[in-house]
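Step one of this worksheet: look at the structure below.
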Amino acid sequence: MKPTHSLRILLVEDDELFRLGLLTRLQQEKCLQIIAEAEDGETAVELTQEHLPDVVVLDIGLPGIGGMEACRQIKQRHPEIPVLVLTSHSQKPLIERLITAGANGYCLKGIAAETLVLAIRSVAVGASWWDKAATTEIRAAIVSNEPKFIPKSELENPLTKREEEILALVAAGKSNQEIAQILYITSGTVRVHVHAILQKLEVRDRTQAAVVAIQKGLVAEELLTL
């Protein structure tokens, strides 16, 4: 998915003051458009059906059916619509349930606004976004086999196919602009994917990412010749 317009956001949060502050901040971003707001799970599901937003930013502690069930119903009815969870909770059982419910990303409340915007843009282009706290919990759950909600192959290589392509080009020394031209996507989309790659591999920069890609064989050998 490649956004060619301002991303249309459904904002779901029952805390009125927090929602107003979030709304005010996100409206400052030219790349984002808040098209609807919801205060409970049922309304979130209904507004998703009505507006078909590009991204649903969803709190979990909602009245009614709750955010978890709202996420499950939204993804069941509209699997193509990314759901980014924004919550203050980080317990492992919650994260497991979010993944099972189909959430595309998870952010803790209190993160920098710029990071939240990047997370929204990431899930909008098909990448996933998991807070570092969530990443730690996910790995711990996999190692202890509780339950196997992520295939072993994804533990070994957490990257999507598109991220593999971009990482291969990064390893080949290509700039964001060059990658964009090769893959016929925008340089902004490349930046979003590169940031997601750095987050997933837990490295600081492109050089470290390239080293990890080569050492661990995270990209197909033929891609390195692109």
Side-chain angles (χ1 to χ4, degrees), residues 1-7 9 29-32 54-55 57 80-86 95 99 102-108 111-140 142-143 150-226:
M1 175 182 176
K2 179 177 67 176
T4 57
H5 57 278
S6 295
L7 293 173
I9 309 300
E29 300 292 329
K30 294 181 179 180
C31 65
L32 304 180
D54 294 316
V55 177
V57 178
E80 78 284 358
I81 296 179
V83 175
L84 177 66
V85 171
L86 181 62
I95 296 168
I99 296 175
N104 300 88
Y106 165 97
C107 293
L108 286 173
I111 64 171
E114 293 79 8
T115 303
L116 177 58
V117 172
L118 188 57
I120 292 172
R121 294 182 62 192
S122 292
V123 298
V125 298
S128 59
W129 183 284
W130 298 96
D131 185 272
K132 284 189 176 181
T135 302
T136 301
E137 297 290 5
I138 289 169
R139 288 180 176 175
I142 296 172
V143 170
I150 296 182
K152 185 174 184 295
S153 60
E154 291 191 24
L155 175 62
E156 295 171 346
N157 185 355
L159 306 181
T160 65
K161 292 299 182 183
R162 176 60 90 186
E163 288 167 352
E164 287 183 7
E165 293 175 337
I166 290 176
L167 180 54
L169 291 168
V170 167
K174 304 294 184 182
S175 67
N176 284 356
Q177 187 60 43
E178 290 172 326
I179 295 173
Q181 293 174 351
I182 292 171
L183 299 179
Y184 300 102
I185 57 179
T186 68
S187 56
T189 298
V190 175
R191 284 196 299 273
V192 170
H193 279 303
V194 169
H195 188 92
I197 291 168
L198 299 184
Q199 289 280 320
K200 289 182 178 182
L201 299 184
E202 297 183 348
V203 296
R204 293 190 303 271
D205 53 42
R206 297 163 69 97
T207 300
Q208 289 186 345
V211 170
V212 170
I214 295 171
Q215 289 181 340
K216 296 189 175 182
L218 294 182
V219 294
E221 186 174 340
E222 60 268 20
L223 291 179
L224 292 171
T225 62
L226 288 175

key: Rounded distance (nearest 0.5 Å) linking atom NZ of K161 with atom CD of E164   = 4.5 Å

ask   = What distance do I185 atom CD1 and H193 atom NE2 have between them, rounded to the nearest 0.5 Å?
value = 5.5 Å

message = For L183 and V190: C-alpha separation, side-chain torsions, deciding distance, then whether side chain to side chain contact (heavy atoms under 4.5 Å, CB included) applies.
response = CA-CA 9 Å; L183 299 179; V190 175; 5.8 Å; no

Minimum heavy-atom distance K174-R206, with the two atoms named = O-NH2, 2.9 Å

query = From Y184 OH over to I182 CD1, what is the distance, rounded to the nearest 0.5 angstrom?
reply = 9.5 Å

request  = List the atom of V85, the atom of A103, and the distance in Å for their closest heavy-atom pair.
outcome  = CG2-CB, 4.0 Å

remark   = L116 and C107 have their tightest heavy-atom pair at CD1-SG, 4.4 Å

request  = Grab the two heavy atoms, one from P82 and one from V123, that are nearest each other, plus how far apart they are.
outcome  = CG-O, 3.3 Å

query = Under the criterion side-chain contact (heavy atoms from CB on, under 4.5 Å), which of D54, V192, L84 is the partner of I120?
reply = L84

Nearest non-hydrogen partners of R121 and G188, listed with the distance = NH2-O, 3.9 Å

ask   = Of L167, V170, V203, which meets side-chain contact (heavy atoms from CB on, under 4.5 Å) against L198?
value = V203

key: Distance in Å, E178 CD paired with L169 CG, rounded so as to fall on 0.5 Å steps   = 9.5 Å

remark   = dist T186:OG1 -> I179:CD1 (nearest 0.5 Å) comes out at 12.0 Å

ask   = Going from CD1 on I166 to CG on L159, what distance comes out if it is rounded to the nearest 0.5 angstrom?
value = 10.0 Å

query = side chain to side chain contact (heavy atoms under 4.5 Å, CB included) between L118 and W129: does it pass, once the steps are laid out?
reply = CA-CA 9 Å; L118 188 57; W129 183 284; 3.9 Å; yes

